[in-house]
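Down below is the structure, laid out as structure tokens.
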Amino acid sequence: MRTMLWYLLNFKKIQKWIGSDNPNVILSKYIFHALRGNLERIDKELVIKIILIVLDKSFQAFYDDVFEILERLSYKDIDERI
């Protein structure tokens, strides 16, 4: 439970960062590296929500990182309605 709460709080911070009009590009390297390195341990739906924000806002500077994460994701457990 404590671990899940920690992830949710950090995902809220990430969503706030990526939801801004001009997210700091330097932070993106660390954030996407952490997401890639922990895909097996974190909620895939939260990762997809972050990726959708990037795509919706057309933050092209982050596309390489986003597509690398999409390549590594296992889609069998992800709800199709996202």
Side-chain angles (χ1 to χ4, degrees):
M1 177 66 177
R2 183 177 179 186
T3 303
M4 186 60 174
L5 179 62
W6 185 86
Y7 282 126
L8 289 174
L9 291 174
N10 282 316
F11 271 100
K12 288 196 182 294
K13 290 179 184 177
I14 293 170
Q15 286 177 319
K16 182 178 178 181
W17 165 77
I18 202 68
S20 69
D21 291 333
N22 191 17
N24 186 325
V25 177
I26 295 171
L27 286 178
S28 71
K29 293 182 185 225
Y30 299 106
I31 290 171
F32 289 114
H33 178 77
L35 290 175
R36 274 192 309 273
N38 291 288
L39 279 177
E40 298 300 318
R41 293 185 286 278
I42 56 179
D43 186 351
K44 311 301 186 276
E45 291 183 13
L46 293 174
V47 174
I48 293 291
K49 288 178 183 179
I50 291 169
I51 288 172
L52 289 174
I53 293 170
V54 170
L55 297 175
D56 286 342
K57 291 190 165 239
S58 299
F59 290 143
Q60 296 176 3
F62 307 141
Y63 281 7
D64 287 342
D65 292 312
V66 163
F67 293 129
E68 188 175 333
I69 290 171
L70 288 172
E71 265 183 344
R72 294 179 182 198
L73 271 177
S74 172
Y75 295 95
K76 67 179 182 174
D77 298 327
I78 297 175
D79 188 355
E80 293 178 14
R81 293 175 285 168
I82 292 182

Should the heavy atoms of other residues, nucleotides or ligands under 6.0 Å from CG of Asp56 be counted, would the total exceed 12?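 Enclosed: over 12 neighbouring heavy atoms sit under 6.0 Å from CG of Asp56.
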
Measuring from atom [atom1] of [X] to atom [atom2] of [Y], what distance do you get when rounded to the nearest 0.5 angstrom?
X     : Y     : atom1 : atom2 : value
Ile18 : Ser28 : CD1   : OG    : 7.5 Å
Glu45 : Ile50 : CD    : CD1   : 12.5 Å
Phe59 : Asn22 : CZ    : CG    : 7.5 Å

Check [X] against [Y] and note the closest heavy-atom contact, atom names and distance.
X     : Y     : value
Leu39 : Lys44 : O-NZ, 2.6 Å
Arg36 : Asp65 : NH1-OD1, 3.1 Å
Phe62 : Pro23 : CE1-CG, 3.7 Å

With a 4.5 Å limit on heavy-atom distance, are the side chains of [X] and [Y] in contact?
X     : Y     : value
Phe11 : Asp43 : no
Leu73 : Leu70 : yes
Leu46 : Ile14 : no

Passes side-chain contact (heavy atoms from CB on, under 4.5 Å), Ile31 versus Leu35? Steps please. CA-CA 6 Å; Ile31 290 171; Leu35 290 175; 4.3 Å; yes

Can a salt bridge be assigned to the pair Lys57 and Asp21 using a cut-off of 4.0 Å between side-chain N and carboxylate O? yes

Short N-O contact, Arg72 and Glu68, less than 4.0 angstrom: yes

Mind telling me whether Trp17 and Phe32 have parallel, tilted or perpendicular rings, with 30° and 60° as the class edges? perpendicular

